[in-house]
Amino acid sequence: MTTNFRPLGPTDIRISPIGLGTWQFSQNSIAAAGNWAVIDQDAVNAIVQTALDSGLTWFDTAEIYGFGRSERALARALLTAGVTPGQVVIATKWWPIPRCAGSIRRTIDKRIKNLAPYPVDLHQAHWPRSLSSIESVMDAMADLAEAGKIRAVGVSNYNAEQMRRAHARLAKRGIPLASNQVKYNLLDRSIEQNGVLEAAAELGITIIAYSPLEMGLLTGKFHADPGLLDSRPWRRRRKLKERLHITLPLIDRMAELAAQYDATITQIGLNWLINAHGPRVVAIPGATKPRHAADAAGAMRFVLSPDELAELDRIARSLTAYQPISN
Ligand SMILES: NC(=O)c1ccc[n+]([C@@H]2O[C@H](COP(=O)([O-])OP(=O)(O)OC[C@H]3O[C@@H](n4cnc5c(N)ncnc54)[C@H](OP(=O)(O)O)[C@@H]3O)[C@@H](O)[C@H]2O)c1
């Protein structure tokens, strides 16, 4: 597969339009919060190997995912796969609640140790809420960038105004804001309405779309076989079950397009995400099985036509009673 790499905001980092999310590697039920079953290291190794073989060049993890377990599992899997440092891009996140910006400086060595020998390419403030101002948080991130401990700075779940503040503060140090990681998919269009997508375009920032499959709803597998939900952890089971019926018209049309492109419903949803706004948006689907990573990567091998992108947009918007899932 030939991958068209995309810039990560105004940085020199290049990434595939799709990366792998690793909340699923949290390895304990508290951090996975009733959403994901435990995946052991062998399974993580297999998922990461398939992701690499399929052309995914970057991975998103976080301090809070299993309190470091996801970071360590990812590094072990990359080592097992024989990946050398610098060969892939790694994004992680600092957990801000209830902490001060100083903890960004105090916890970076732990992030580096967990991910060793792979460097932290992108460090993100996981949420805007912390005991410090956004300016102090960005000052701490800038310190790490200047010290060479991280390559780029990103934020997550920031609104448009918070993005602008983060961007302006980093600019004082000559450091670009690379990205804002936010929930975005065909069924959750908040960032199109709340100014985040517009601000990202204006500031040259990449949008990293999380929950790009609406936690599995946009794969269509639960519509085809609702009984599958019985084996999923309780919180996610409840969230998905009540949303099956209302989303069926969209899934039906996605299935038709999938047949036309010799693709899957998952690939149609991801394809829309990475093409509806040009290279501005990249996506990080999570995987619990190796075939999920291969399926996700397959979304990079074709491009839906402008008419098809618009039609999916229209059908998704027509589901006005749909309430997006909150993590
Ligand atoms: N910054 C933040 O605040 C934030 C919040 C949430 C997530 N994230 C990031 O975004 C990533 C992805 O989001 P997400 O975990 O919420 O969910 P998602 O990517 O929308 O859905 C992932 C789940 O869907 C199922 N799935 C994936 N690919 C599939 C396929 N091809 N066929 C069938 N089923 C498939 C799997 O679950 P089953 O096998 O169990 O069905 C998988 O765990 C996370 O891993 C994390 O890195 C960030």
Side-chain angles (χ1 to χ4, degrees), residues 18-26 31-39 43-44 47-48 50-51 54 56 58-66 70-71 73-74 90-97 122 124-129 154-158 179-188 191 207-237 239-241 243 251 254 258 263-271 273 282-299 324-327:
I18 293 179
L20 186 74
T22 67
W23 183 18
Q24 285 70 8
F25 301 172
S26 296
N35 290 304
W36 313 114
V38 171
I39 302 180
V44 170
I47 293 168
V48 168
T50 303
S54 309
L56 305 187
W58 62 291
F59 298 84
D60 176 75
T61 182
E63 175 179 23
I64 197 73
Y65 298 165
S70 167
E71 292 175 325
L74 173 61
I90 309 271
T92 191
K93 313 183 194 81
W94 164 72
W95 185 252
I97 308 164
L122 177 69
Q124 305 156 98
H126 205 142
W127 284 89
R129 292 191 297 273
V155 295
S156 178
N157 297 301
Y158 274 40
S179 52
N180 189 8
Q181 182 176 138
V182 285
K183 183 161 180 275
Y184 188 39
N185 62 54
L186 263 168
L187 288 166
D188 188 341
I191 68 160
I207 291 291
I208 300 178
Y210 76 68
S211 301
L213 304 174
E214 195 72 343
M215 301 187 88
L217 195 62
L218 283 168
T219 67
K221 68 181 176 184
F222 300 115
H223 296 78
D225 182 2
L228 282 177
L229 279 172
D230 295 341
S231 60
R232 297 309 191 271
W234 64 275
R235 192 188 296 266
R236 183 161 156 257
R237 178 168 65 235
K239 289 189 265 202
L240 298 191
K241 206 171 216 164
R243 289 172 168 84
I251 298 295
M254 291 169 80
T264 62
I265 294 174
T266 299
Q267 290 170 356
I268 297 296
L270 291 175
N271 197 280
L273 207 43
V282 295
I284 45 166
T288 62
K289 298 188 175 59
R291 66 170 182 272
H292 295 166
D295 194 11
I325 293 174
S326 59
N327 297 123

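Atoms considered below: every heavy atom in the structure, side chains included; atoms not considered: hydrogens, waters and symmetry mates. As the structure lists them, so they are numbered: ligands from 1, and atoms in each ligand from 1. In this chain, residues are counted from 1 in sequence order.
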A.B. asks: Any N or O on Trp36 sitting closer than 3.5 Å to an N or O of ligand 1?
C.D. replies: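 N/O-N/O distance below 3.5 Å does not exist for this pair.
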A.B. asks: If you measure from each non-hydrogen atom of Ile284 to ligand 1, which part falls under 4.0 Å: side chain, backbone, both or neither?
C.D. replies: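 The answer is both, backbone and side chain.
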A.B. asks: Under 4.0 Å from any heavy atom of Lys93, which atoms of ligand 1 are there?
C.D. replies: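 Atoms satisfying the 4.0 Å criterion: 1 (N).
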A.B. asks: Out of Gln267, Lys289, Arg237, Arg236, who gets a non-hydrogen atom closest to atom 38 (P) of ligand 1?
C.D. replies: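 Nearest heavy atom to atom 38 (P) of ligand 1 lies in Arg236.
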A.B. asks: Given Glu214, which of Lys183, Arg243, Lys239 fulfils the side-chain hydrogen bond (donor to acceptor under 3.5 Å, both in side chains) condition?
C.D. replies: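 Among Lys183, Arg243, Lys239, the one that satisfies the side-chain hydrogen bond (donor to acceptor under 3.5 Å, both in side chains) with Glu214 is Lys183.
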A.B. asks: Ignoring hydrogens, just give me the one of Phe222, Tyr210, Tyr65 whose non-hydrogen atom is nearest atom 6 (C) of ligand 1.
C.D. replies: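 When every heavy atom of Phe222, Tyr210, Tyr65 is considered, Tyr210 comes closest to atom 6 (C) of ligand 1.
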A.B. asks: For Trp234, is the NZ or CZ atom of Arg237 found under 6.0 angstrom from the centre of its six-membered ring and inside 45 degrees of the ring axis?
C.D. replies: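 The answer is no, since Arg237 fails at least one limit relative to Trp234.
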A.B. asks: Can you see whether Asp60 engages Gln124 through a side-chain donor-acceptor pair at a distance of less than 3.5 angstrom?
C.D. replies: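 Judged by distance alone, the side chains do pair up.
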A.B. asks: With nothing but distance in play, are any N or O atoms of Pro285 less than 3.5 Å from an N or O of ligand 1?
C.D. replies: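 N/O-N/O distance below 3.5 Å does not exist for this pair.
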A.B. asks: Within a distance under 4.0 Å of any heavy atom of Glu214, pick out the atoms of ligand 1 and give their elements.
C.D. replies: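 Reading through ligand 1 atom by atom, the close ones are 20 (O).
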A.B. asks: Short N/O distance, under 3.5 Å, between Asp60 and ligand 1?
C.D. replies: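 Between Asp60 and ligand 1 (N or O atoms, distance only) the closest approach is under 3.5 Å.
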A.B. asks: So, regarding Ala296 and ligand 1 (criterion: nitrogen or oxygen to nitrogen or oxygen, under 3.5 Å), is there a contact or not?
C.D. replies: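 No, there is no polar N/O contact under 3.5 Å.
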A.B. asks: Considering both backbone and side-chain atoms of Arg291, is one of its nitrogen or oxygen atoms within less than 3.5 Å of a nitrogen or oxygen in ligand 1?
C.D. replies: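 Not met; the criterion fails.
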A.B. asks: Could you name the option among Ser156, Ala293, Gly216, Gly220 that has the heavy atom nearest to atom 21 (O) of ligand 1?
C.D. replies: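 Residue with the shortest heavy-atom distance to the ligand atom: Gly216.
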A.B. asks: Could you check whether any heavy atom of Gln124 sits closer than 4.0 Å to an atom of ligand 1, since that is the contact criterion I want to use?
C.D. replies: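 No, Gln124 has no heavy atoms under 4.0 Å from ligand 1.
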A.B. asks: Check whether any side-chain N or O of Ser70 sits under 3.5 Å from a backbone N or O of Thr22 as a donor-acceptor pair, and report yes or no.
C.D. replies: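 Yes; judged by distance alone, with no hydrogens or angles, the pair exists.
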A.B. asks: Which of the numbered atoms in ligand 1 are under 4.0 angstrom from any heavy atom belonging to Asn157?
C.D. replies: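 This gives 1 (N), 2 (C), 3 (O) as the contact atoms.
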A.B. asks: With no hydrogens and no angle check, do the side chains of Tyr210 and Asn157 hold a donor and an acceptor under 3.5 Å apart?
C.D. replies: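 Yes - a donor-acceptor pair under 3.5 Å links their side chains.
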A.B. asks: So Lys93 and Gln181, do their side chains get closer than 4.5 Å, heavy atoms only?
C.D. replies: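 Contact flag for Gln181/Lys93 side chains = yes.
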A.B. asks: Any donor and acceptor pair, going by atom type alone, linking the side chain of Arg232 with main-chain N or O of Leu228 inside 3.5 Å?
C.D. replies: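 Side chain of Arg232 to backbone of Leu228, a donor-acceptor pair under 3.5 Å: yes, one is there.
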A.B. asks: Would you check if the side chain of Asn185 reaches a backbone N or O of Ser211 as a donor-acceptor pair within less than 3.5 Å?
C.D. replies: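 Checked: pair present.
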